[in-house]
Every structure is written in C-alpha cells, then in structure tokens.
S.K.: 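Submitted below is the structure of interest, expressed as structure tokens.
Order of listing sets the numbers, starting from 1, for every ligand and every atom in it.
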Amino acid sequence: MTATVHRTCPLCEAVCGLTLTLDEGGHVTGVRGDKDDPFSKGFICPKGASLGRLDEDPDRLRRPLIREGDLWREAGWDEAFAAVERGLGRVTERYGRQAVAIYLGNPNAHTMAGALYAAPLIKALGTRNVFTAATADQMPKHVASGLMFGHPLAVPVPDLDRTDFLLMLGANPLESNGSLCTAPDFPGRLKALRGRGGKVVVVDPRRTRTAALADEHVFVRPGTDAYLLFAMVHTLFAEDLARPWHEVNGLAEVREAAKHFPPEAVARRTGVPAGTIVRLARELAGARTAAVYARIGTCTTEFGTLAQWLVDVLNVLTGNLDRPGGAMFPKPATEFGARRRPYTVGRWRSRVRGLPEANGELPVATLADEIETPGEGQVRMLVTVAGNPVLSAPHGDRLDAAFGGLDFMVSVDPYLNETTRHADVVLPPPRVLQSGHYDFALLGFAVRNYTRYSRPALPLDGRPSEAQILARLAMIASGLEGDLDEFLIGEMLRKAAQTPGSGVEGQDVAELRAGLEGETGGERRLDLMLRLGPYGEWAGKGDLSLRKLLDHPHGLDLGALEPRLPEVLKTASGLIELAPPQLVEDVERLRGRLEEEPPDIVLIGRRHLRSNNSWLHNVGPLVGGSNTCTLQINPADVDRLGLTGQAVVTSATGTLTVTLEPTDTIMPGVVSLPHGWGHEGSTQQVAAEHAGVNANVLTDESALDIPSGNAVFNGVPVTISPTGVITAH
Ligand SMILES: Nc1nc2c(c(=O)[nH]1)N[C@H]1C(S)=C(S)[C@@H](COP(=O)(O)OP(=O)(O)OC[C@H]3O[C@@H](n4cnc5c(=O)[nH]c(N)nc54)[C@H](O)[C@@H]3O)O[C@H]1N2
Ligand SMILES: Nc1nc2c(c(=O)[nH]1)N[C@H]1C(S)=C(S)[C@@H](COP(=O)(O)OP(=O)(O)OC[C@H]3O[C@@H](n4cnc5c(=O)[nH]c(N)nc54)[C@H](O)[C@@H]3O)O[C@H]1N2
Ligand code: SF4
Ligand SMILES: [Mo]
C-alpha cells in the first residue's frame, strides 16, 4: 500500500506545496508540486523534488552523539540531555549565564520548532550573547523597518502580481526563489508581470538568470546601491516628482540629505551612468504602479541599512507604499502583536567591540571576539540550533578555531558538519516527514495572504520532535519543571483576556484553554495564534483555527494584499518616519566614502538553484554540473592579471586557491564565489567529494553595516594572483 501526503516544502522561502507518495516503509517514492495549493499551484524546483533523498540521506544522524575525546559515541536521549545539563551547570556555576552563547541558523525560519521554541530557549538561558544568521542576512531590513514603521517585521513586499514596474536590486529569485518576498514560482510571476505589459529592471554586478529575464539589466559596483538609490531620491526632488500619499515625518530631512548625491556625483562610484539613474527615477515615478525591492546583495554590504531605508523612501516618495501594485504589508494569519515601546537599537552592547544589539541579538561578526577575549563575561559555552557559522559567518575559519577552545558546546542539527563537529553533544531532529510544518515567519512576507499547515506525515518512532528537543533544553536551562507549551498558552491567553479588542477580552482563561485543539503543544499554540489572529475565530473577523487548516490540507488563499496604513504603524508618532535620526546620522559615513578610491577588485557571493547555503551538498542530484564552487571572473581581468585555471585570492583575513570560471556575465573588477562550500574532510560522503572552498575565509568580520551590525559579504576587497605567486596584502 502506498500513501499520498501533501505538505509544504521547508527548503526555501517560496513555501511550495508538495505532493509526496510514500511506500509501506515510509520511503518517498515520488515528489511533485501540489496542483491544488492555491498559492504555489503545482510549482516545484529541483530541491523540492529531492526532498525524499534529503530526508533519507544515510549520513543524517539518527541518534544523539556524545563526544569522548576525539571520538563520537551514539547515546540515548536521556543520557544526552543529562550530559547537556551537566555541561551547562558546570559553565554557569563557575562563570555565570553570560558565559553561554546561542547561535540560531537559517532553518529556524523554516521549522515550527524554531518559531515556537527558540525564544523560550533564549529566555531560559538568560544570556545576552544571542547570535543568529539574521546578522549575516536581513538585519538591515529589520532595522530600517523598525525605525521607519515602528516594527522590525513590518516589511513591505512588492505586490508582484499587480505591479507595473519592478525595480529589483541585489536579488536573484531565479536561483533563490525569492527572499523576504514569499512568492512560489517567482519566475512565473515575473514572466506574467512582463506578459501584462509591465517592466522589470534588475540592478546587479552580475547578469544573472533573473537579469536575463528582465527588460533591463543595470550593472552596479558592489556595495554602492545606497548611492544609486540616493541619487534616484535626489532626482525625484530635483524634478518635483516626489508625491508621497501618506502623511510622513522627515520629508524635508530626506530632501536635504539627498542633495549630497546628485546622479553625476555617484555615477563613477556606482558604475551607473547619471543618465540611467535619472531615467530610472522618472520611470519609477511615472509608472502607474511600481515597487522597489532589494535583497541580500544590498543587505550584506557596508551600507546595508541605508540601502534598505532608501528602498522604502523611494516607495513612499513615488506614492507606491501600501497601495495595490506597489510595496505592501502582508497580513499573516498569525500576525505579530502590538509593540508598546518605540523600536530602538543599541539597548545593550557587545562586551568586546561595544557593538549595539538589534532585535535582541548581537552581530555574528563578533562571536569569535566574545569567545576568544578573556575577562568577565567571556563566552565559554555555545548552543547552536540549525546553524553552520563556520561556513556561513564572516571569517568563519576563525570561528572554527574558536569553537575548538570552548568549554562546552551543544548542537541541534541533523548533520555532523564543519560547525557541529566541535560539539560535545549533538541532538539530531527527526526527519522532515516526521515534523509538522507551519511557516510562522515566511507567511508574513507573502505576496498574497495565505496559510497552510502540514501535520507530520510519519510517526516519530521513539525519538523526540525538534520541538521537544528545544523545549527540553529550555526546561534544563530554566531549571523549571512542567509543560512549557501549556505555560506559554496560559500567558498568551491571560494577556489576550486583558486586552481590549482582542476578541476574548474578559473571558475565562481555563475555558478558552479547554477550547483549543491539537495533538501536540505546538499544534495547540498554532491553534491559539490562528484563533487570535486577524482571520481568527476568536478575534471575530473570520473562522480560522487549526481545525479549518486541517480540513484544507492544500492551504487556504486569504486574498490579495490590502492597504494597511496606518494600522500597521507602531512608531511613537503614529506616522511613517521617513528620516530616522539613526539613519540620517549614518549618511555622513556614506558621504565620506564617496570620494575614496574603490578597491581594484571586490568579491561578491552567488547562489545556485540546487544549493541551500551549506547543507544540501550531500544530496547527489543537487551537486555537480553547474552547481560547483568556482570563482566567476571577467575575461578582461583574467587577461590583465595573467591567470589560468586556478588562482590565489587574498583578502584582509585569508587566502584561498580557487578554480576560475571566466564569464562576461560579471563586471570587470568584480569576482563571485558562492558560500557554504569547504567540506574537505567531511563525514558527509557526497559533500566531501564536492568539497569546494569556504568563501568566508575571505570575508572580514571587522567590516560591518554600522546601524544593524550586519556582516559584509559583498564588496570585499581582494587581490588575485596566479597560483605559485605569493602576494602580500
Ligand atoms: N559569504 C557569504 N556568506 C553568507 C551568505 C552569503 O550570501 N555570502 N549568506 C548568509 C545568509 S543569507 C544566511 S541565511 C546564512 C546561513 O547561515 P547558517 O544558518 O549558519 O547556515 P546554513 O548553511 O543555513 O546551516 C543550516 C544548518 O542547519 C542544519 N539543518 C537543516 N535542517 C534543519 C532542521 O530542520 N533542524 C535543525 N536543527 N537543523 C537543521 C543543517 O544541517 C546546517 O547545519 O549564511 C550567510 N552567509
Ligand atoms: N537555491 C538557493 N536558494 C536560496 C538559498 C540558497 O543558498 N540557494 N539561500 C536562501 C537564503 S538564506 C536567502 S537569504 C535568500 C537570498 O535570496 P536572494 O537575495 O535572491 O539571493 P542571491 O541569489 O544571492 O542574489 C543576490 C544577488 O545580489 C547580487 N549582488 C551582490 N552584491 C551586490 C551589490 O552590492 N548590489 C547589488 N545590487 N547586487 C549585488 C548578486 O550578484 C546576486 O545576484 O535565498 C534563499 N534561497
Ligand atoms: S522553490 Fe523552494 S519551496 Fe519551492 S520546491 Fe523549491 S526549495 Fe521547495
Ligand atoms: Mo539567508
């Protein structure tokens, strides 16, 4: 007998519905796109198609590992948790709670466990040494949104299906399938945009597959988008094209700041001719509807936050913020609650470099400092959950060495990899098919309001779910006993019962609790959030609940995005803050760098459709061919530097020998190396055969986007020489 199951793909932000067939043994015999999913409508990519292979990868850990010297021993779950309890106790008794750090990696944004149990775990650990992949990714967006709109998750997304003009910077959705813009079949949506007469412009130092699909591709020097965007803002004011719809604070300050960046002044630095900048500004202002969308290529730069800010300044000034066809705020079914205090950053600072906190976390770029630098508060223990910072954080090989010196380390991860090999205890989550799935985070960035829940397709066969692993770690760290989920449900219900307009104001908490459904604590918490959410049964505007989602296994369309201002604003003024002082202050830094002589060659990153950061390289069908770790370089640079075959790349932090891939799709003076490789010596058999090199040997942890503390991966100065020639840097 075979079974058919429908579930959301957890592998990227596109949240595609998948239809899997399983045999009696629970093995995946087929994967296809779920045609009945109202959002993804059957779309699938090669990664989703390989979900079965990934799920049954023989190198995935099935039982906990405990380190004994240099060796590993499989252990039972109770024994493993007891070892964690002892290790944590040893460190905190001797050095206090600040000696413990936690690093949360990217898949936490894709698992229910990450969404529901990471925050309680952080709280239970009681440390400020909280690090996540967000400061290697999108923190600039959160900071810009927090300061402009009052909430770090109030991120406008391009209304892809209705816009007439899309200006896209530093994003390559034909490979990434989209980010901070949840849109299954992003390629199809772009084609539809063009098909209805709209225009797509891509700004990127590489002519990517996305750029090739667009109407226009504009080459830009890495790290200079803030100049380009400022010059567009300048043009809007100079030509009297600025027409904000909404009442905003700070219009005059933005106009003043933009005066320093006329198109002619930034043309050389950005590599974009002044005439092109002016034309793009006019087209943006003149389009019936338009949206500016920028992603990782603009975030992980020295001026990441300024770039994210200016993206939405342009959306506001052209009257496109919060209108259909423009940049809009999604309304997810488990909407975030109200934030009472105005958003701010820098409530505390990191011990060694004095870097400001943002969203309650410290920059991953300073994790090594905190581990290596002696003194009160030195980090001695690390917990990693779904992260591989040795390959993903700037100057990752420094972290590799630093992890080796920790007193104790625990990793929750299905693989023994470059990072988790330093752990004393590894706790593997179960298979994907044994886990429930709800996209708490990603549905908040969706281009249509949509919701879908997938129950586990297979039973747990005696091992704990990832939710149970994280909950148990939280209970160990807090020293408390009892049911974490029921405790959290009680807290949330009490708050809701006291909140006017919550839909359950004044109601009895015990009765409400008894009304919740779900087979696990996680399901019950989901049910609660759905009921209290904007479409919820209890909030009075809809009939959404876990039950309803279970009745609709292909997901539910909740409609096109709708205007949400001013409701969504949580600023102290209640208005859009167009010129937050913290950002205007940073403009000085931007001005200061304009006249500097740019480096001869800079490094940027690259994503490949069949990759996913560091961890899909052990799945045969996904590696090899075009998905290899090569340095893309313009043929003119190959000639100029006298290179052949391989070359030595040197940065301020390290040196790599790389295989060259000459291509005129990349600008002269720019080279591109994908991250997530460097699996030499890995116990993952397939990955070891396709080792590649770790791009983050070259990235420099001392370079940061100042307002957000975000790492800089694009625009890294490097020198390149033929192999066999040693250069000083
Ligand atoms: N040079 C350079 N560096 C970059 C980037 C770049 O563009 N250039 N991009 C940055 C970005 S955007 C990001 S998000 C970061 C990613 O940084 P990380 O999150 O640190 O790295 P990943 O490679 O995503 O590692 C994911 C880990 O989670 C494990 N894992 C997979 N599924 C699960 C699960 O269900 N549960 C658990 N517990 N573990 C799981 C994997 O085995 C792997 O160890 O990298 C950043 N680093
Ligand atoms: N297949 C695949 N999909 C993924 C991932 C993956 O590793 N593989 N990772 C996932 C993750 S964690 C994330 S965060 C998203 C990211 O999703 P995207 O933001 O779409 O990421 P990329 O495909 O890296 O595209 C970034 C683009 O920015 C360009 N770029 C580099 N520097 C600059 C610059 O200074 N200015 C401008 N304008 N452009 C620049 C690069 O050439 C590249 O084409 O993808 C997610 N999806
Ligand atoms: S596009 Fe993303 S969500 Fe869709 S099948 Fe591929 S990896 Fe999965
Ligand atoms: Mo990311």
S.K.: Could you tell me the residue and atom name of the protein heavy atom closest to atom 47 (N) of ligand 2, and the distance to it rounded to 0.1 Å?
M.R.: Ser176 O, 3.0 Å
S.K.: Show the atoms of ligand 1 that are less than 4.0 angstrom away from any heavy atom in Asn696.
M.R.: 1 (N), 2 (C), 3 (N)
S.K.: Ignoring hydrogens and geometry, is there a side-chain-to-backbone donor-acceptor pair from Ser411 to Asp413 under 3.5 Å?
M.R.: no
S.K.: Quick one: are Trp77 and Leu427 in side-chain contact, heavy atoms under 4.5 Å?
M.R.: yes
S.K.: Quick one: are the ring centres of His690 and His679 less than 6.0 Å apart?
M.R.: no
S.K.: Check this for me: does any side-chain nitrogen of one of Arg295 and Asp137 sit under 4.0 Å from a carboxylate oxygen of the other?
M.R.: yes
S.K.: For atom 11 (C) of ligand 1, which of Ala711, Pro430, Ala136, Pro674 has the closest heavy atom?
M.R.: Ala136
S.K.: Which protein N, O or S atoms lie under 2.8 Å from atom 2 (Fe) of ligand 3, given by chain and residue number?
M.R.: Cys12 SG
S.K.: Could you establish whether Pro205 and ligand 2 come within less than 4.0 Å of each other, counting only heavy atoms on the residue side?
M.R.: yes
S.K.: Do the side chains of Asp34 and Arg7 get close enough for a salt bridge, i.e. N-O under 4.0 angstrom?
M.R.: no
S.K.: Under 4.0 Å between a side-chain nitrogen and a carboxylate oxygen: does that hold for Lys141 and Asp312?
M.R.: yes
S.K.: Can you check whether Ile604 has an N/O within less than 3.5 Å of an N/O in ligand 2?
M.R.: no
S.K.: What about Thr298: any of its N or O atoms under 3.5 Å from an N or O on ligand 2?
M.R.: no
S.K.: Which residue from Ser614, Ser611, Ala134, Pro414 reaches closest to atom 40 (C) of ligand 1 through any of its heavy atoms?
M.R.: Pro414
S.K.: Report the part of Asn714 in contact with ligand 2, treating N, CA, C, O as backbone and CB onward as side chain, heavy atoms under 4.0 Å; options are side chain, backbone, both, neither.
M.R.: side chain
S.K.: Side chain, backbone, both or neither: which part of Asn388 has a heavy atom under 4.0 Å from ligand 1?
M.R.: both
S.K.: Flag Gly223 as yes when one of its N or O atoms lies below 3.5 Å from any N or O atom of ligand 2, and as no otherwise.
M.R.: yes
S.K.: Would one find an N or O of Asn613, backbone or side chain, under 3.5 Å from an N or O of ligand 2?
M.R.: yes
S.K.: I need the atoms of ligand 2 closer than 4.0 Å to a non-hydrogen atom of Leu609, numbered in the order shown.
M.R.: 1 (N)
S.K.: Specify the protein heavy atom at minimum distance from atom 44 (O) of ligand 2: its residue, its atom name, and the distance to 0.1 Å.
M.R.: Asp204 OD2, 2.6 Å
S.K.: Looking only at distances, can you tell me whether any N or O atom of Thr208, backbone or side chain, sits closer than 3.5 Å to an N or O atom of ligand 2?
M.R.: no
S.K.: Taking 4.0 Å as the limit for heavy-atom contacts, which would you say applies to Gln138 with ligand 1: side chain only, backbone only, both, or neither?
M.R.: neither
S.K.: Which residue holds the protein heavy atom closest to atom 21 (O) of ligand 2, what is that atom called, and what is the gap in Å?
M.R.: Ile296 CG2, 3.1 Å
S.K.: Using a strict 4.0 Å cut-off to heavy atoms of Pro222, name the atoms of ligand 2 that fall inside it.
M.R.: 34 (C), 35 (O)
S.K.: Does Asn612 reach ligand 2, in the sense of a heavy atom lying below 4.0 Å from it?
M.R.: yes
S.K.: Is the shortest N/O to N/O distance between Glu175 and ligand 2 below 3.5 Å?
M.R.: yes
S.K.: May I ask whether Lys47 places a heavy atom under 4.0 Å from ligand 2?
M.R.: yes
S.K.: Can a salt bridge be assigned to the pair Asp37 and Arg452 using a cut-off of 4.0 Å between side-chain N and carboxylate O?
M.R.: yes
S.K.: With a cut-off of 4.0 Å, which atoms of ligand 2 are near a heavy atom of Val220?
M.R.: 36 (N), 37 (C), 38 (N)
S.K.: Asp137 heavy atoms, cut-off 4.0 Å: which ligand 2 atoms fall inside?
M.R.: 14 (S)
S.K.: Hey, are Arg269 and Glu596 close enough for a salt bridge, meaning a charged N less than 4.0 Å from a carboxylate O?
M.R.: no
S.K.: Rounded to the nearest 0.5 Å, what separates atom CZ in Arg221 from atom CG in Leu228?
M.R.: 14.0 Å
S.K.: Under 4.0 Å between a Lys/Arg side-chain N and an Asp/Glu carboxylate O for Arg398 and Asp700?
M.R.: no
S.K.: Identify, for atom 38 (N) of ligand 2, the protein heavy atom at the shortest distance, and state residue, atom and that distance.
M.R.: Asp225 OD2, 2.7 Å
S.K.: N/O to N/O below 3.5 Å, does that happen between Arg610 and ligand 2?
M.R.: no
S.K.: Is the centre of the Phe131 ring less than 6.0 Å from the centre of the Tyr103 ring?
M.R.: no
S.K.: Minimum heavy-atom separation for Ser40 to Pro184, with atom names?
M.R.: CB-CB, 3.4 Å
S.K.: Counting heavy atoms only, which of Arg60, His675, Arg607 is nearest atom 2 (C) of ligand 1?
M.R.: His675
S.K.: Compute the minimum heavy-atom distance from Pro389 to ligand 1 and say whether it is under 4.0 Å.
M.R.: yes
S.K.: Can an N or O of Arg295 be found at a distance shorter than 3.5 Å from an N or O of ligand 2?
M.R.: no
S.K.: Which heavy atom in Ser611 sits nearest to a heavy atom in Trp677, and how many Å separate them?
M.R.: OG-CZ2, 4.0 Å
S.K.: I want to confirm something. Looking only at heavy atoms, which of Ser392, Ala695, Gly605 is nearest to atom 45 (O) of ligand 1?
M.R.: Ser392
S.K.: Using a 4.0 Å heavy-atom cut-off, which part of Leu391 comes near ligand 1: side chain, backbone, both, or neither?
M.R.: neither
S.K.: Quick test: of every protein heavy atom, which one is nearest to atom 1 (N) of ligand 2, and how far off is it to 0.1 Å?
M.R.: His608 O, 2.8 Å
S.K.: Taking the six-membered ring for Trp, is the centroid-to-centroid distance between Trp309 and Phe303 below 6.0 Å?
M.R.: no
S.K.: For atom 34 (C) of ligand 2, which protein heavy atom lies nearest, and how many Å away is it?
M.R.: Gly297 O, 3.1 Å
S.K.: Do the ring centers of His554 and His6 come within less than 6.0 Å of each other?
M.R.: yes
S.K.: With nothing but distance in play, are any N or O atoms of Gly170 less than 3.5 Å from an N or O of ligand 2?
M.R.: yes
S.K.: Do any nitrogen or oxygen atoms of Arg206 come within less than 3.5 Å of a nitrogen or oxygen of ligand 2?
M.R.: yes
S.K.: Assess whether atom CD of Glu56 is packed by more than 12 heavy atoms of other residues, nucleotides or ligands within 6.0 Å.
M.R.: yes
S.K.: Which one holds for Thr300 and ligand 1: side chain close, backbone close, both close, or neither close, with close meaning a heavy atom under 4.0 Å?
M.R.: neither
S.K.: Ligand 1 and Thr699, any nitrogen or oxygen pair closer than 3.5 angstrom?
M.R.: no
